[in-house]
Structure formats: C-alpha cells, structure tokens
2 protein chains.
Amino acid sequence: MATIKDVARLAGVSVATVSRVYNDSHLVREDTRERVRQVAQQLGYSPHGAARSLITSRTHTIGVLLPDLYGEFFSEVIRGIDLRSQQEGFHVLVSSARNDGRSLESALRSMRGRVDGLIVMSPDMDAGAGQRGLPARFPVVLLNSPPSDSGYDSLGVANFDGAYAMIRHLAGLGHRRIAIIRGAEQNFDAAERLRGYRAAVAELGLEADAALELPGDFSEAAGHAAALRLLALPRRPSAVFASNDGMAIGALSAVREAGLRVPEDLAVTGFDDIPMARYLDPALTSVHVDITALGASATDWLLATLQGQEIPGARREMLPTTLIVRRSCGAGAPGPA
Amino acid sequence: MATIKDVARLAGVSVATVSRVYNDSHLVREDTRERVRQVAQQLGYSPHGAARSLITSRTHTIGVLLPDLYGEFFSEVIRGIDLRSQQEGFHVLVSSARNDGRSLESALRSMRGRVDGLIVMSPDMDAGAGQRGLPARFPVVLLNSPPSDSGYDSLGVANFDGAYAMIRHLAGLGHRRIAIIRGAEQNFDAAERLRGYRAAVAELGLEADAALELPGDFSEAAGHAAALRLLALPRRPSAVFASNDGMAIGALSAVREAGLRVPEDLAVTGFDDIPMARYLDPALTSVHVDITALGASATDWLLATLQGQEIPGARREMLPTTLIVRRSCGAGAPGPA
DNA sequence: GAGGGGCATGTAATCGTTTACATTTTCGCC
DNA sequence: GGCGAAAATGTAAACGATTACATGCCCCTC
C-alpha cells in the first residue's frame, strides 16, 4: 500500500503538501494540487485511517452498542444511525453485548481509540449495569434506558403514552376487560408499557385483574403461549394488548388456531407498528414508533456533542408515538390501511 | 486518557514492559505483571486502538458493505457476522452504499487503514460495478454476487435450486399454471430465482406464459400490486411463487381483499422463510435460507484468509436451502407448523 | 533596489503503540 | 564466589499521518 511519502516523492513535493491536498487546505497551488491528485490516483493511495486518527485524535467513527442484533427493531435503529452518520462522513462500528457489566465493559475497552463517541442501548432496568465502565466524560447517548443520574444524554420512546393511548382507544370501543402481554422482564420499555396500561386501566375505571397481566419476552412464541392462556381463562377478556407486534402476531395465530375470530371474539393490538403489521389478517392495530428516527436523532445528538455544539448530559427526550388503528381492534377501519 | 507512558511511569517500569503485559508475553515476572495491571486499572488505561493498528498494521476489524440496511435480511446477515467476529475478537464496521461504483469506491477508500478485510454484498448483476475500486490483493468475501473473474471468494444462496424445488413442489400438488412475482431488476438473487422457476416450468412441462412473470422489487407493496394483476388475468393461475416473503405477504393481503381464499383460489408461496412466515394466515410455504449462517460463513472465510490459512479467491459456494411446506400452498400441512 | 507582506512549500516534532536489540538481573553450578 | 545462560527489563526506531514553525519566493511599493 502506498503511503503519503510515496506520493510526495513521486509528485516531487513534501509530505506536508500532500497532506494539505487531502485536508483541502487552500494553501496549495492549483497545479500542485492537481499533480498530487494525479500521482495519488495512479498509486491508488488513500490516507491511512489509523495514522490519521492517532495524530488528530478523532476517528470519525461512532460506536454502537446493542444488547442484541436480532430483529426488525435493531436493523431499523442501525439504519437510522448509518444514514445520518454517512451524511456527516462518520463510520459506524457496531457491537452487540449482553448488557451485563462485564461483556459491556470489555466491548467498551476494545473500542477505546476507535470511536469518537458511543450510542448505547441499555434497556435493562438496572441502570448501573449498562453504564458502568463507560469512560467518564466520554460522549455517550443512551437509547431506551431507564432514567439515571449518569449524566448522559438519553433518548427513548414515549412508551407510557403509547400504551395509555392504546388502552384508551380500546376502552373507547367499549372494552372493559383488557389483558396485556408483557414484554421481557427487566426491560425498561416493557416496564413503561405496562405502567401505561395500568395507569389507563385505573384512570378509566376498567377491570383490574392480575390474571390479565401475562408474562412475555417479545417473541412470537411468547405471544402465542400467552394468548392460549388468555383463551383458557374462566372469564375471558374481550381485548388483549401485546407489548410488541411480534407477540401480537403470535397471539393472532393462537386465536385462529383456537377457531376463534379477531376482533369479534378477541381484539388484538400491538406496539411498534412493524412494516408488516398492515399486511396481517386482520391488519394489526398498533402504536407506531419511528425507529429509524430514533437512531437518527441519537446520531444527531452525538455528533452535535462531538462538535461541541451541545453540552452533553443535559437532555432526556421521549419520541412521541402515534396510534395506528386497523382492523384487529375491531374499530371501523375501512379495510386494511 | 491515560497512555502507556503514564502507566509505565506510575508502575516504575518501561513502556515495553507494560506493552508486554497487554500482549501477554510470558517474558514478564508475575509480580511485575500484577503491579502493571493494578496501575492500569487505577488509571482506567486501555490500549489505544489506532496506535496499535498503526504499528501492527492489523485493525482487528472487518468491514461490511451492504447495499442497504433495510429489513430482516440485513439484520440477520449482520447478526451472523457480529456473532462470529466477536468470538474471534474482531470488530465490525458497517456501511451501506448504493453499489454504483462511486459511492462504493468512496466507502472503500474511507475504510482504508480501518479494516483488515471486507465482506461486500453486491447483488447487482453488473459485477464490475460492485467490485471496481476494491484494492487489489485485499481480503474480500463477496456475498450474493454474480459469478465474476474478480478473484474474490464468493458466498451465496442456492437460489436456483430453491426456486426449482418450490415449483416442483407446486407441480406435485397438481398446479400446471404457476405465476412468479419477480425480484428487483438487476438483482442477482432475483435473476437466479427466476431462472430456477423457468427451468422447472420447462422441464416439468408446465404452462409457460410471459403473462405469468410479473415484475416486482421485493417490497410488500409490489407483491400486493402483482397479485391484483394476476387476479385480473383472463386465465388466472392457480398458484403464485413470490420471489421473497415480503412480496408473498403483500400478495396474501391482496387475495384476501379481493374476497378470495388462499390456497383454494390461489396458492401463494415465498422465499426466505422469515420468522414471521409461520404466523401468517395461512402460514406461508417458503424456501428456508439460513441468513445468519450466511453471515457467519462469510466471516469464517474472511478470518481464515486473514490468518493466512486459506488461499483467497479459490472458493465459490452456494448455501443450500430447504423447502418449508405450510398451508399457503395447499399441501396438507397439519395446521401451522 | 531594498524592504516587506503574502503565499506556497518544506522540516521536523508528535500522536500511542510494538518490537528488535541492548542491557541488566537472576540463578544454578562448579 | 565467579561464570554463563536464561530470564526480565529497558532503549529507541519504527508505523503514517498532521501541523506549528521556518523558509523561500514573488511581487509590489517607495
């Protein structure tokens, strides 16, 4: 691989000049610049990233730490991050790590000197676990994390509001006995959705019953299992709110297998509004979350911090959600929409 | 941030010794090693990646270049790559780039000195476009790419076989007039699936009819539109093979809206077997592809090349697929499986 | 024609490591 | 106790860039 020296020699200039050409300093005469570019082209030269970042102490890379890389959600987040990063000429270094302190910490260490800042998704309820080992005063944006006094920027989804709105909608359709399929234990998003559910149940005077709160883990299988349990209940609910669309899909198939109809026998709704929700049968009523925007915003925040435009740690924001009404809840949505 | 010098000074040793501790050379006395570790811990020191890779000329990072980061497919590939990379202590730098030579080339340039090797997904039929600008003799594994004499390792999916098997299965169920919803223009996977379809149609003596080959682009919407066109045909086919599951889902919803039944009025099948396929109504018959394995294998190949265990460029392999029969094709699958 | 102000370019220190080579320490053995 | 080999440590030169500072040059002005 050609280095800056090779280019300099062949172009008959000093390395400083070559460097200037690549950092487009205006201090290079046009013909010199042209000659250098030519030689570089011919040699297939391009600046060595590591060398560059060693001296400038900027890597032009942001690190993304996710608990897992599975599923629609993560691919959307990454997409949002990549989109914005690329616009600003930044690279994206991804890594998944179970958020126990240890593997997270080692992931962090090994990113030292490779990234300018981090986007960390640590949805674990135990705030400390996800954040210990983060170097102090390092630019970090937390995603979907419980509130903490960590002093990091934090961005998430208005889970509480979204869940509340969904339950209110169902109540508006006349449902009084509404079940919830909960998300993963210890998951902050799941906890917030549950809180929204409970608040709505209480405030709207719906039937409160511990038997209506079923455990789940965000998987289709869990939704399937939970729905079966619901259907077996002595007093069956008329509607069920699954904490994400994956579980709602599992629930739909369970109801179908039981020979019952959605929404007539049981209304089913979800959360996330994944692209496929509208194509299900019946089309799934869900809470829309713009995940790509979440990733993009996180990136914006991080880049702003990197460029010193923002004081880090000052912000905590929840992206608003929108209720998408389709047929699965029994509302009069005119066909799949 | 503490550097190796700080650690050395505070531990009363030379930088070389500290370095040795971190590269676990056996040439350090146990008590010295312990002292160094202690000081490092206390200072929060960890080696600076850029500096390290500058001198060793190894980054312990593999670059992943994808045409887009959208959807299930990519998230699975990345997951496979990340899984294996992490096991081997490698990082993953992802980037999406439309595979026109230009943006690809710039993506490549900016990765120079940041990655040890590349996994490039360039499904574009124009082989050159996706591969121009790749530095010669750089470790590269191509994903889902058309054959070329580029001299790079190439890994893909047995699209032809998968499609052929699907059509044969449908023919076995008695279908004689089978349509296909094609994938994106210029996409190699799509082309192979089409080729498999045509080969099966010809060899099995099914009805060949240009009107049965509908354009598509892998999106749900395209599947929806194509199905509507099929239903409007004077002589309607009895089955349709969508080139991916997303389009199959769109087709399912279109048939439903038309007030017809799957599979009785029209059998529908897909390709990819995304996790949700089994939860659709009716459960979708599809060609299973282990995408995570694809990513993992690509990573294995690349790492093997990096460690000099393999001569690069020698291999081209197509991962086998398996036919998953469910209800949407009309076969007697006992309920959703 | 001397002086001076820009502009274009060159020189060399620097970033934080690794590692070949040089040097010191340790230790077994006679 | 002295010798020498082996083990432990230190010294300093890389790696490939950026950039403060020095220098040279051209041209203008008086």
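Letters A, B, ... are given to chains in the order of the sequence lines, protein chains preceding strands, and every chain is numbered from 1.
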Q: Please state how far atom OH in B:Y22 lies from atom P in D:dT9, giving the value in whole angstrom units.
A: 16 Å
Q. Salt bridge check: are B:D300 and B:R84 linked by an N-O gap of less than 4.0 Å?
A. yes
Q.
What is the separation between atom NE2 on B:H48 and atom P on D:dG16, rounded to the nearest whole Å?
A. 17 Å
**Q.** Closest listed nucleotide, where the reference is the side chain of A:L27 and the choices are C:dC7, D:dA12, D:dT9
**A.** C:dC7
Q: Look at all strands and tell whether B:T32 reaches a base, only sugar-phosphate, or nothing, counting heavy atoms closer than 4.0 Å.
A: sugar-phosphate
Q | Atom-to-atom span, NE2 of B:H26 to P of D:dT9 - whole angstrom | A | 13 Å
Q: With heavy atoms under 4.0 Å as the rule, sort B:S57 into base, sugar-phosphate or nothing.
A: nothing
(Q) For a quick test of reading the model: is some side-chain N or O of A:T3 closer than 4.0 Å to OP1 or OP2 of D:dC15? (A) no
Q: Nearest whole angstrom, please: distance from the C1' of C:dG16 to the CG of B:L43.
A: 15 Å
Q.
I want to verify a distance call: between D:dG16, C:dT26, C:dT18, whose nearest atom is closest to the B:I55 side chain?
A. C:dT18
**Q.** Atom-pair distance (CZ on B:R58; P on D:dC15), nearest Å
**A.** 18 Å
Q: Please work out if A:S19 contacts a base, only the sugar-phosphate, or nothing of the nucleic acid, heavy-atom cut-off 4.0 Å.
A: base
Q) Does A:A16 or A:E30 map to a spot on DNA chain C nearer the 5' end, using the closest nucleotide for each? A) A:E30
**Q.** B:R52 CZ - C:dT18 P separation (whole Å)
**A.** 5 Å
**Q.** Listed nucleotide nearest any side-chain atom of B:S14, set C:dT17, D:dA17, D:dG10
**A.** D:dG10
Q: Please work out whether the ring planes of B:F90 and B:H60 are parallel, tilted or perpendicular, with thresholds of 30° and 60°.
A: parallel
Q: Let me know the distance between CE of A:M1 and P of D:dA17, rounded to the nearest Å.
A: 11 Å
(Q) Please tell me if A:T17 has a side-chain N or O lying less than 4.0 Å from either OP1 or OP2 of C:dA8. (A) no
Q. At under 4.0 Å, does any side-chain N or O of B:N23 touch on OP1 or OP2 of C:dT18?
A. yes
Q) To the nearest Å, how far apart are A:R20 CZ and C:dA12 C1'? A) 13 Å
Q: State, without any angle test, whether A:S145 and A:S154 hold a side-chain donor-acceptor pair at a distance under 3.5 Å.
A: no
Q) For A:V13, which contact category applies under a 4.0 Å heavy-atom criterion: base, sugar-phosphate, or nothing? A) sugar-phosphate
Q.
Reading DNA chain D from 5' onward, which residue's closest nucleotide shows up sooner: B:T56 or B:R35?
A. B:R35
Q: Just compare D:dT9, C:dT17, C:dA12 and give me whichever is closest to any side-chain atom of A:V15.
A: C:dA12
Q. Does C:dT17 have OP1 or OP2 sitting under 4.0 Å from an N or O in the side chain of B:Y45?
A. yes
Q.
Salt bridge or not between A:R79 and A:D82? Use side-chain N to carboxylate O under 4.0 Å.
A. no
Q: Assess A:R37 against A:Y22: is NZ or CZ under 6.0 Å from the centre of the six-membered ring, and within 45 degrees of the ring's axis?
A: yes
Q: Give a yes or no on whether the backbone of B:I81 and the side-chain of B:S85 come within a donor-acceptor separation of less than 3.5 Å.
A: yes
